[in-house]
Engineer: 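First the structure, which I've put down as structure tokens, then a few questions once you've had a look.
Throughout, protein chains are lettered first and strands after them, A, B, ... in sequence-line order, and every chain is numbered starting at 1. All values below come from the heavy atoms of this structure, side chains included, with hydrogens, waters and symmetry mates left out.
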2 protein chains.
Amino acid sequence: MSPHSAQPLTIFSGLTAAERKRLDGLASSRLLDAGNYLFHQHTPSQNVYVLESGILMMERSSSTGRRQVMAFMQPGNFIGIPHNQHYDYTVSALTASRVREMPLKAFVQLQDEIPTLKENVRGIGGNILAHTLDQVFALGQKKAHERVCFLLKQLSDRAAIPGASTIELVMTRQDIADYLGLTIETVSRAFGKLKREGVIAIYSAHKVEILDTEAVEEMALAD
Amino acid sequence: MSPHSAQPLTIFSGLTAAERKRLDGLASSRLLDAGNYLFHQHTPSQNVYVLESGILMMERSSSTGRRQVMAFMQPGNFIGIPHNQHYDYTVSALTASRVREMPLKAFVQLQDEIPTLKENVRGIGGNILAHTLDQVFALGQKKAHERVCFLLKQLSDRAAIPGASTIELVMTRQDIADYLGLTIETVSRAFGKLKREGVIAIYSAHKVEILDTEAVEEMALAD
DNA sequence: CGGGACCTTGAAACACCTCAAATATGGTGG
DNA sequence: CCACCATATTTGAGGTGTTTCAAGGTCCCG
């Protein structure tokens with residue numbers, strides 16, 4: 001697992017007030033209802049985004065209908081790091097969300113004028129890669145209940161109060177299943193198993209509490 | 001799957017002769033015997049590398065001994081893109097290999113002087129992320145024989161003659177298994193199944209030929 | 001030609017998936 | 001505000017693919 005700095009890296013990290021203002025000058029706000037799409041896979045990439053509020057989901061679908069969820073995104077996250085002509089994933093809103101939308105071209109230009117901005121993009125790219133490598137490890141090496149702990153730990157670490165033991169699962173069981181490479185039934189049974197073992201408490205399908213942090217961490221741990 | 005340009009991107013792409021010379025001036029050659037390590041997970045990252053000849057393998061291991069192979073690397077590949085204080089994977093040689101080793105600090109500095117170089121690093125980072133996302137999709141959504149096709153297609157696409165139908169598998173079955181999140185036995189049976197179906201021919205454990213390119217592509221395809 | 005590592009094959013166990021049904025949840029209109 | 005409905009989740013039973021354990025075969029190098 002990659003170390004998290006106390007202050008999570010955002011696109012604004014280390015910018016002066018003036019620089020922030022310039023960056024924000026590029027942006028316009030956009031609201032998304034739950035279930036709506038921010039952009040689609042294979043669409044020309046024309047904008048980048050900063051999530052202000054709400055939860056987004058990044059996914060990739062095959063022509064045969066199989067779906068893999070790549071990430072759940074939280075306020076502060078930067079979306080659409082330019083590396084292709086086209087987005088190679090779809091981003092949609094799990095809850096009503098607000099994003100700041102910036103034209104890709106202008107953003108790229110601004111990067112050349114603000115070195116810190118370029119530095120932040122590089123850092124965020126590194127974090128995304130680290131996250132994705134963790135996911136490869138989880139999908140390749142872990143059993144169902146360990147993968148569920150992997151998700152719980154991620155959500156707990158990134159919660160408003162990092163390490164919070166009560167976790168709001170805004171996504172559906174199907175989203176979780178597609179994130180972890182399992183079926184909804186297996187995810188449900190994995191939650192049940194963790195509950196029976198006293199590792200977690202389930203208050204409702206979308207609200208759980210971690211009772212045994214160590215057990216969760218141990219099962220979630222990637223390296 | 002991400003599109004490959006006709007000329008694969010390397011760290012040298014688009015550099016002038018003078019710039020190449022400067023970059024190469026930083027480097028010293030290093031030879032690795034088969035089985036030797038280039039660097040280890042959790043080691044401070046002090047160098048970056050360009051693979052000149054041979055095949056390297058990138059892997060990550062957990063404290064519990066489970067191992068996930070993240071990539072097989074070929075001549076031209078760039079290794080060690082800086083995004084952490086420490087390498088978060090181990091790189092070792094599958095065959096006798098030669099790399100050009102460059103001090104990270106000097107390399108980072110040179111990036112500031114040669115914009116094309118910075119651009120290349122960014123592009124390579126994007127390719128690595130795209131590769132890793134493909135792997136997530138494969139591990140999360142594909143069956144054993146489809147994962148094997150996923151690997152065969154990758155190796156075929158990146159062969160000296162791209163799209164070559166005869167493939168040299170320099171890695172062991174265990175390496176393949178750890179790359180695809182399977183066991184050696186399952187990998188072996190998957191090869192057997194593809195052979196029985198006439199999709200591939202197996203000349204030896206480490207030399208196969210793709211007989212039905214379409215079938216391999218279809219099974220390998222991620223999106 | 002021998003030996004050790006690697007690979008394949010077989011049989012049985014297990015984890016996960018599929019199909020099916022029961023139950024719980026959350027939003028909506030009355 | 002409650003009853004209702006559609007949707008999401010859980011639970012159960014049976015099937016399938018993958019793993020595990022074990023044995024036999026192959027390849028390669030000394």
Side-chain angles (χ1 to χ4, degrees), chain A residues 33-35 55 57 64-69 92 94-96 138-152 167-197 200-208 219, chain B residues 33-35 57 64-69 94-96 138-152 167-197 200-208 219:
Chain A
D33 284 340
I55 305 285
M57 174 172 64
T64 58
R66 284 184 277 192
R67 186 180 82 134
Q68 177 65 45
V69 172
S92 62
L94 289 178
T95 68
L139 296 187
Q141 303 300 133
K142 288 180 186 307
K143 299 225 183 301
H145 65 278
E146 295 171 321
R147 297 189 203 182
V148 168
C149 287
F150 169 74
L151 171 64
L152 290 178
I167 295 171
E168 175 106 14
L169 298 165
V170 288
M171 64 294 285
T172 66
R173 289 288 186 273
Q174 186 65 62
D175 296 332
I176 295 176
D178 290 344
Y179 180 62
L180 300 176
L182 302 167
T183 60
I184 37 176
E185 294 94 333
T186 300
V187 170
S188 185
R189 281 186 251 267
F191 273 112
K193 176 186 165 81
L194 293 171
K195 177 185 173 181
R196 276 195 310 282
E197 291 171 350
I200 63 172
I202 302 180
Y203 301 124
S204 82
H206 295 279
K207 193 157 203 167
V208 304
M219 291 193 263
Chain B
D33 284 339
M57 176 172 62
T64 57
R66 286 185 275 191
R67 185 180 81 134
Q68 176 66 45
V69 172
L94 289 179
T95 68
L139 296 187
Q141 302 301 132
K142 290 180 187 304
K143 298 219 183 307
H145 63 279
E146 295 172 321
R147 297 189 203 182
V148 168
C149 287
F150 169 75
L151 172 64
L152 290 177
I167 295 172
E168 175 107 13
L169 299 164
V170 288
M171 64 293 287
T172 67
R173 289 288 186 272
Q174 186 65 60
D175 295 333
I176 294 176
D178 289 345
Y179 180 62
L180 299 176
L182 302 167
T183 59
I184 36 176
E185 296 93 334
T186 301
V187 170
S188 185
R189 284 187 250 265
F191 273 113
K193 176 186 164 80
L194 293 171
K195 177 184 172 181
R196 275 196 311 283
E197 292 171 349
I200 63 172
I202 303 179
Y203 301 124
S204 82
H206 294 280
K207 192 158 203 166
V208 304
M219 289 192 266

Engineer: Whole Å only: how far is the NZ atom of K195(B) from the C1' atom of dT8(C)?
Structural biologist: 10 Å
Engineer: Which residues pass the side chain to side chain contact (heavy atoms under 4.5 Å, CB included) test with Q174(A), sequence neighbours left out?
Structural biologist: R67(A), T172(A), A177(A), D178(A), I184(A)
Engineer: For the pair S92(A) (side chain) and G35(A) (backbone), establish whether a donor and an acceptor sit closer than 3.5 Å, ignoring hydrogens and angles.
Structural biologist: no
Engineer: Grab the CG-P distance between D178(B) and dC7(C) for me, whole Å please.
Structural biologist: 12 Å
Engineer: Taking atom C1' of dC27(D) as reference, at what distance in whole Å does atom OH of Y203(B) sit?
Structural biologist: 19 Å
Engineer: Is the backbone N or O of E168(A) less than 3.5 Å from a side-chain atom of H206(A), with the two atoms forming a donor-acceptor pair by type?
Structural biologist: no
Engineer: Hey, does the side chain of Q141(B) reach the backbone of A138(B) with a donor-acceptor pair shorter than 3.5 angstrom?
Structural biologist: no
Engineer: One character per nucleotide, please: for nucleotides 7-19 of chain D, 5' to 3', B when the base has a protein heavy atom closer than 4.0 Å, S when only the sugar-phosphate does, - otherwise.
Structural biologist: --SBBBB----SB
Engineer: In Å and rounded to the nearest 0.5 Å, what is the OG to CG distance from S188(A) to L182(A)?
Structural biologist: 12.0 Å
